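First the structure, in the form of structure tokens, and then the observations on it.
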Amino acid sequence: MIDLTITEALKKLNSREISATELTRAHLERIEKYGAELNCYITTTPERALSDAAASDARYAAGNPLPLDGIPIGMKDLFATRDIRTTAASHMLENFIPQYESTVSQKFIDAGTVLLGKTNLDEFAMGTFSKTSYFGAPINPWQLERKLTAGGSSGGTTSAVASGLAMGGTGTDTGGSIRFPASITGLVGMKPTYGLCSRWGCVAFASSLDTPGPIARTVDDAALLLSAMAGHDPKDSTSADAGFHAHTPLEPILGDGKKLRIGVIKEFSNVEISPDMKRIFDARIADLKSLGAEIIEVSIPNILDALAAYYIIAPAEASSNLARYDGMRYGLRVDGDDLIDTYKKTRAAGFGTEVQRRIIIGTAVLSSESYEVYFMQAARVRRLIADAFDRAFEQCDLIVCPSGAGTALPLDSDLSPLEYYALDLFTVAMNLAGIPACNVPAGIANNGLPLGMQTIGRKFDDMRVMQLAKHIEQCAGIDNRPTKIMGK
Ligand code: GLN
């Protein structure tokens with residue numbers, strides 16, 4: 001039952017061949033077996049899962065199931081869940097139990113899903129390997145004995161979905177945190193258009209970039225999840241009045257004489273990527289051509305400056321968002337000699353090294369002497385990149401590019417902060433521009449590990465971004481069934 005996709009499971013649930021309770025129990029048993037080793041959940045919610053499943057079964061019995069009724073999912077532990085601990089993988093929020101439900105997690109309740117638990121992540125979603133988690137890093141189920149990273153910051157969700165400890169789940173993507181971890185775990189990870197999914201109740205990192213989105217094993221599954229989580233929310237002022245309603249299976253947009261112009265980013269062709277990534281990317285481009293796509297080179301002149309701009313804008317917004325953790329209202333409090341000392345002690349004890357680094361960088365670039373030379377410059381680069389994407393989309397319908405340079409690295413790789421930041425090279429520009437981008441498994445490298453590539457579109461062209469991803473998924477034909485990956 002573990003290997004079923006969401007699409008397949010919904011069919012079997014609807015025909016009453018399986019029950020939501022059976023499906024949930026199968027996942028809970030697997031969590032019991034492998035959860036500790038994979039470290040993909042910070043908190044599991046077995047009782048809640050079983051009661052969700054019982055409610056689903058009752059709706060199936062009554063003949064009025066909800067769109068995702070009975071599908072067991074993992075929720076990134078950045079989304080506030082009422083009465084369930086929500087930590088953001090930080091010591092600061094280690095014991096925080098929200099009294100409210102985030103819009104996204106509420107939408108999953110409304111769609112009938114079963115909550116298995118809260119998945120691990122980088123502390124406050126800052127990182128690339130989920131190693132900054134206060135609870136230790138999750139592990140990639142591919143070549144388990146090698147202890148590879150499942151990526152970050154949504155690495156708990158990718159670890160859980162790839163290993164069959166959830167059928168799908170949520171991530172958030174501020175600079176690549178859905179797409180990068182999906183790319184090295186053989187999964188589909190969709191960063192929607194900024195504003196398509198509400199940020200309300202999602203612990204803030206960089207508010208102008210944070211984008212909730214789905215992680216699943218197939219594009220159709222991701223489209224089902226996105227349909228549930230998208231939608232306008234008056235509680236988030238940047239929420240867009242545009243939903244996403246996928247009719248799955250997603251319709252082909254290539255083949256049968258259909259025409260599509262697909263852009264390849266010129267500036268990325270000089271970036272060094274692994275020979276495997278190059279071979280696989282070229283092979284998928286050839287596939288798209290043979291399906292009738294016209295491949296066009298497009299230029300995003302400042303795209304290689306995206307990293308520098310991102311690592312100014314994101315910390316700047318983070319430093320301001322994280323000012324709320326002062327030990328006064330909620331979260332950790334370490335008493336000091338006076339108010340200022342309490343602030344200092346609380347924040348020194350509550351935040352890990354990477355979060356402190358971001359707060360310091362962010363505070364520096366927002367200071368009056370640096371604001372114009374750093375923050376405003378970064379904001380200008382951001383504008384240039386967004387405009388260049390607009391111009392590129394006058395020449396082509398969709399764009400493709402790699403999701404990263406290579407396959408998953410061992411968790412104990414000794415990378416400097418700058419080396420970690422550099423891993424976001426292929427993903428951050430789409431956050432700066434606010435446009436949708438989907439990682440789809442594109443091939444298997446010679447070392448047996450998966451590699452992904454991205455499909456990218458204009459704002460609110462999320463549907464076509466996923467439709468193109470589905471073509472690539474079909475051409476790549478990767479077997480990402482959890483029992484195959486885990487060998488058990
Ligand atoms: N790796 C990037 C960072 O550390 C992106 C994180 C994210 O998208 N949440 O900021």
Side-chain angles (χ1 to χ4, degrees), residues 76-79 87-90 104 119-133 137-138 149-158 169-185 189-192 194 197 199 202-215 306-322 351-362 365 378 382 403-405 408-409 411 413 415-439 452 454:
K76 186 175 184 177
D77 202 17
L78 202 60
F79 292 95
T87 68
S90 180
V104 160
T119 58
N120 204 348
L121 65 150
D122 276 298
E123 185 178 7
F124 288 101
M126 297 175 194
T128 317
F129 277 19
S130 299
K131 269 167 78 168
T132 70
S133 170
T149 174
S153 67
S154 311
T157 302
T158 54
T170 52
T172 59
D173 193 313
T174 304
S177 279
I178 289 177
R179 290 162 288 156
F180 177 71
S183 76
I184 56 172
T185 52
M190 170 71 182
K191 181 205 99 67
Y194 177 80
C197 299
R199 289 180 295 109
C202 179
V203 176
F205 164 10
S207 306
S208 77
L209 301 160
D210 294 345
T211 318
I215 291 167
L307 259 189
Y310 171 84
Y311 276 99
I312 289 170
I313 294 169
E317 295 188 22
S319 72
S320 140
N321 273 324
L322 270 56
F351 293 137
T353 312
E354 182 58 27
V355 174
Q356 295 192 14
R357 180 180 295 118
R358 306 268 180 130
I359 292 172
I360 292 168
I361 295 172
V365 299
R382 181 180 193 170
S403 296
L409 293 172
L411 265 172
S413 308
L415 302 183
S416 71
L418 283 181
E419 286 169 323
Y420 276 116
Y421 298 171
L423 294 170
D424 300 328
L425 180 69
F426 291 104
T427 51
V428 290
M430 300 67 166
N431 298 79
L432 293 174
I435 55 180
C438 184
N439 173 76
Q454 299 178 76

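Whatever order the structure lists ligands and atoms in, that order sets their numbers, starting from 1. Everything quoted here is computed from the prediction, not taken from an experiment.
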Under 4.0 Å from a heavy atom of [X]: which atoms of ligand 1 are those, numbered in the order shown and with their elements?
X: Phe205; answer: 9 (N), 10 (O)
X: Gly176; answer: 8 (O)
X: Ser153; answer: 9 (N)
X: Asp424; answer: 1 (N), 2 (C), 3 (C)
X: Thr128; answer: 1 (N)
X: Gly175; answer: 5 (C), 7 (C), 8 (O)

Residue and atom name of the nearest protein heavy atom (relative to [atom]), distance in Å to one decimal:
atom: atom 6 (C) of ligand 1; value: Ser177 OG, 2.9 Å
atom: atom 3 (C) of ligand 1; value: Tyr311 OH, 3.2 Å
atom: atom 4 (O) of ligand 1; value: Arg358 NH2, 2.7 Å
atom: atom 10 (O) of ligand 1; value: Tyr310 OH, 2.7 Å

Looking at ligand 1, does Ala314 have a heavy atom less than 4.0 Å from it?
no
Close approach, Glu354 and ligand 1, non-hydrogen under 4.0 angstrom
no
Sub-3.5 Å N/O-N/O distance, Gly127 and ligand 1
yes
Donor-acceptor under 3.5 Å ([X] side chain, [Y] main chain):
X: Glu354; Y: Gly127; answer: no
X: Thr149; Y: Leu409; answer: no
X: Arg179; Y: Gln454; answer: no

Parallel under 30°, tilted from 30 to 60°, perpendicular over 60°: which one fits the rings of Phe124 and Phe351?
perpendicular
Mind checking whether Phe205 and Tyr310 have parallel, tilted or perpendicular rings, split at 30° and 60°?
perpendicular
Which is it for Leu411 and Lys131 under the side-chain contact (heavy atoms from CB on, under 4.5 Å) test, yes or no, and what are the steps along the way?
CA-CA 8 Å; Leu411 265 172; Lys131 269 167 78 168; 3.7 Å; yes
Region of Tyr420 engaging ligand 1 - heavy atom pairs below 4.0 Å
neither
One residue to check: Ala125. Relative to ligand 1, which of side chain, backbone, both or neither has a non-hydrogen atom less than 4.0 Å away?
both
Does a side chain donor of either [X] or [Y] reach within less than 3.5 Å of an acceptor in the other side chain?
X: Lys76; Y: Thr157; answer: no
X: Ser207; Y: Asn321; answer: yes
X: Asp77; Y: Thr87; answer: yes
X: Ser153; Y: Asp122; answer: no

